[in-house]
Number of protein chains: 2
Amino acid sequence: MPSIRDVANLAGVAVGTVSRVINNSGSVKPATRRKVEEAIQQLNYIPNEIARNFKMRKSKMVALLLPSIWNPFFSELAYYIEDELDREGFKLMLCNSGGKPEKELYYLDMLQQNKVAGIVGITYNDIENNISNNIPIVSIDRHFTKNITCVTSDNYEGGRLALRELVKAGSRKPAFLGSVTSVFSETMKRKEGFIDEAKSLGINYTIFEKPDPVLDEEAYFTEFLNDYRDIDGVFAITDMFAAQFIERASKLGIRVPQDVKVIGYDGIQNHSFFHPILSTIRQPVEDMARMTIKLLFKKIEGETLEKDVYRLPVIFRQGETT
Amino acid sequence: MPSIRDVANLAGVAVGTVSRVINNSGSVKPATRRKVEEAIQQLNYIPNEIARNFKMRKSKMVALLLPSIWNPFFSELAYYIEDELDREGFKLMLCNSGGKPEKELYYLDMLQQNKVAGIVGITYNDIENNISNNIPIVSIDRHFTKNITCVTSDNYEGGRLALRELVKAGSRKPAFLGSVTSVFSETMKRKEGFIDEAKSLGINYTIFEKPDPVLDEEAYFTEFLNDYRDIDGVFAITDMFAAQFIERASKLGIRVPQDVKVIGYDGIQNHSFFHPILSTIRQPVEDMARMTIKLLFKKIEGETLEKDVYRLPVIFRQGETT
DNA sequence: ATACATTATTGAAACGTTTCCAATCCAGTG
DNA sequence: CACTGGATTGGAAACGTTTCAATAATGTAT
């Protein structure tokens with residue numbers, strides 16, 4: 001593996017000169033440049049990025065820490081994040097935490113050791129207190145404190161929109177179905193929006209939340225369907241949750257949308273191959289991803305951002321369930 | 001940011017000693033060890049992994065190069081790959097090539113600069129001739145030459161199985177639907193298996209392939225449905241392809257499975273929320289992912305593998321389309 | 001031609017580790 | 001008590017870059 005020194009020797013110049021040729025920094029005579037480039041060709045020299053990172057005390061690696069890349073919402077997000085990073089020559093390191101706090105901490109520790117340039121975090125834990133030094137972090141959907149910028153969709157407006165669309169579709173007794181997640185999660189605002197809009201329209205509503213994330217989901221849905229037989233509309237906190245509800249309801253002979261209208265949140269179905277196609281509040285995933293990375297770049301550059309939370313607008317996408 | 005030298009000073013020992021404490025290498029007296037550990041605590045010292053990689057001339061980073069993480073098959077694969085890597089303390093770098101040859105080459109080049117320990121490649125290009133030095137590579141579903149080990153599902157048997165299942169479901173005039181991809185792709189064996197089994201059972205079959213990957217898919221399916229009206233069974237090369245066919249067929253009033261039985265390949269639907277649930281040839285994604293990484297580790301260790309291609313068995317999973 | 005300004009180039013230090021050899025320590029032995 | 005050998009520790013080189021001060025070469029105006 002030839003080094004910059006070998007190139008310098010072959011070209012008959014100093015290593016510093018080779019460095020300047022490679023990086024286009026400083027000035028070098030055209031003739032010299034040519035000599036060096038020939039030597040590089042001849043030796044098939046490839047700059048050692050690790051040595052460079054080491055010397056410069058920074059890398060162009062950004063980590064994406066999320067529960068599971070398998071989740072279609074996250075994989076779409078990851079796709080755009082990688083794309084945006086690549087535009088600036090940054091690389092993406094992928095970390096699946098499984099949502100487990102100890103794994104999140106383990107990864108955070110590892111990322112510090114590896115001196116990543118920045119972190120995009122979708123975590124359940126309070127990341128902030130566990131990151132000792134000052135690695136720039138942007139969080140998606142989790143709002144901790146000032147130090148960690150948050151990018152999210154407009155969950156509150158999404159909740160209001162969902163309620164309005166349910167009503168528009170004919171629902172008179174709508175319910176919100178969700179599961180209690182992290183207190184830092186912005187997604188809880190979906191519920192707030194739902195409630196506020198119902199109140200302002202004078203509509204009776206029901207809130208039915210799964211308290212424990214690991215609780216049996218089948219039991220949860222069954223209980224709901226038994227206890228609230230007159231519900232005629234459901235706003236589920238995510239598309240996945242909505243789909244589970246629909247399946248469970250179908251098994252009990254409840255028809256969607258005839259008996260119950262259903263609206264999800266996310267908009268993960270990017271193809272209309274499978275049915276029913278969910279009516280949903282669509283998050284602007286691509287915009288969120290690109291904004292996240294742009295903000296992260298700014299933080300890496302040392303700029304301070306004017307806002308703590310950036311909320312992007314959502315839209316209602318009509319499917320077959322309302 | 002404290003360095004190993006600061007620790008050494010505070011503890012009143014040499015840097016070499018600190019290094020030995022950190023890495024548990026060589027021998028160090030318990031009393032000394034304690035002193036050093038205290039200093040580490042006090043300074044909040046974090047070893048610099050980049051410096052380490054630099055010095056050791058190797059990193060624990062493995063790259064996954066694939067068309068798009070957004071594709072559910074790949075995101076499932078990536079999930080297990082990351083998990084298996086993490087077990088040995090390796091990290092995953094994610095590269096979306098979009099399937100574009102130039103982007104694949106660009107990434108390959110970058111990965112060499114970054115001295116990754118190994119590469120998992122799902123590429124359209126002939127990777128082999130474009131990787132100058134000897135980074136260990138394991139490929140999924142693409143069989144190049146001896147240098148790059150290939151892990152794949154048993155596509156040939158999968159093809160035979162699909163044909164048998166279509167016949168079992170009552171199809172008398174089955175067709176294979178696929179698109180011509182890379183000549184290196186193992187997935188073409190699905191067609192071969194389909195054909196061989198049809199021949200051996202004395203069944204008439206049809207092959208209808210989309211020649212150009214970028215060709216309009218709607219036109220392709222429409223043409224097929226117009227020209228082959230008597231087809232009563234379809235084996236599509238992937239689940240996605242099958243789903244597209246079903247959608248197109250439905251629009252023309254052709255019912256699945258009453259008029260046409262459909263079998264896909266992959267088994268990407270890990271939940272039964274959306275319908276129809278595809279009958280499919282399920283790839284053992286988790287096994288493939290873990291085997292890929294285990295083989296890659298062996299190559300990184302310098303072992304030579306006994307086989308060029310590792311084929312894992314597939315199963316038929318009954319859905320609602322046969 | 002001379003002095004000066006500008007452009008090119010060199011050489012060496014520095015980044016934070018690991019590792020090897022040599023030096024030192026210490027317990028046990030004859 | 002001197003000696004031996006293993007355990008422990010110190011010190012320095014090396015990994016491949018970038019960068020900076022110092023020097024050399026070149027060009028420019030007088």
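Just so it is clear: chains get the letters A, B, ... in the order the sequence lines come, proteins before strands, and each one is counted from 1. Here the structure is a predicted model, which is why all the values come from computation and not from measurement.
- You can see that DNA chain C meets the heavy atoms of chain B within a 4.0 Å-exclusive cut from C:dG16 to C:dT19, reading 5' to 3'.
- Taking both residues in full, the closest heavy atoms of B:A8 and B:A14 are given as CB-C, 3.8 Å, listed atom of the first, atom of the second, then distance.
- Shown here is A:E102, whose CD atom has more than 12 heavy atoms of other residues, nucleotides or ligands within 6.0 Å.
- Using five terminal pairs a side, the axes of the helix from C:dA1-D:dT30 to C:dG30-D:dC1 at its two ends make an angle of 50°, given in steps of 10 degrees.
- Across all their heavy atoms, A:L92 and A:M61 have their closest contact at C-SD, 4.1 Å.
- Ring geometry for A:F54 against B:F54 counts as parallel: the plane angle stays under 30°, on a 0 to 90° scale with 60° as the upper cut.
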Please produce a list of atom pairs where a protein N or O lies less than 3.5 Å from an N or O of nucleotides 18-22 of chain D.
unit_1 : atom_1 : unit_2 : atom_2 : d
D:dT18 : OP1    : A:N23  : OD1    : 3.3
D:dT18 : OP1    : A:N23  : ND2    : 2.8
D:dT18 : OP1    : A:R52  : NH1    : 3.4
D:dT18 : OP2    : A:S19  : OG     : 2.5
D:dT18 : OP2    : A:N23  : ND2    : 3.3
D:dT18 : O2     : A:K55  : NZ     : 3.4

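- Taking both residues in full, the closest heavy atoms of A:E49 and B:N114 are given as CG-ND2, 3.4 Å, listed atom of the first, atom of the second, then distance.
- Between A:F74 and A:I69, the shortest heavy-atom contact is O-CD1, 4.1 Å.
- Sorted by first then second residue, the ring-ring contact (aromatic ring centres under 6.0 Å, His included) pairs that include residues 83-127 of chain A, not counting sequence neighbours, are A:F90-A:F297.
- Looking at heavy atoms from C-beta onward, A:E104 lies in side-chain contact with A:S97 at the 4.5 angstrom threshold.
- Of the residues in residues 27-39 of chain A, none has a non-hydrogen atom less than 4.0 angstrom from any atom of DNA chain D.
- Across B:D266, B:T152, B:L312, a single residue satisfies side-chain contact (heavy atoms from CB on, under 4.5 Å) together with B:Q283, and that is B:D266.
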Can you give each donor-acceptor pair under 3.5 Å made by side-chain atoms of residues 15-23 of chain A, sequence neighbours left out, with the distance rounded to 0.1 Å?
unit_1 : atom_1 : unit_2 : atom_2 : d
A:T17  : OG1    : A:R20  : NH2    : 3.1
A:S19  : OG     : A:N23  : ND2    : 3.4
A:R20  : NH1    : A:S27  : O      : 3.1
A:N23  : OD1    : A:R52  : NH1    : 2.8
A:N23  : ND2    : A:S19  : O      : 2.9

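- The nearest pair of heavy atoms linking B:K91 to B:G89 is CE-O, 3.7 Å.
- Heavy-atom minimum distance, B:Y45 versus B:S3: CE1-C, 3.6 Å.
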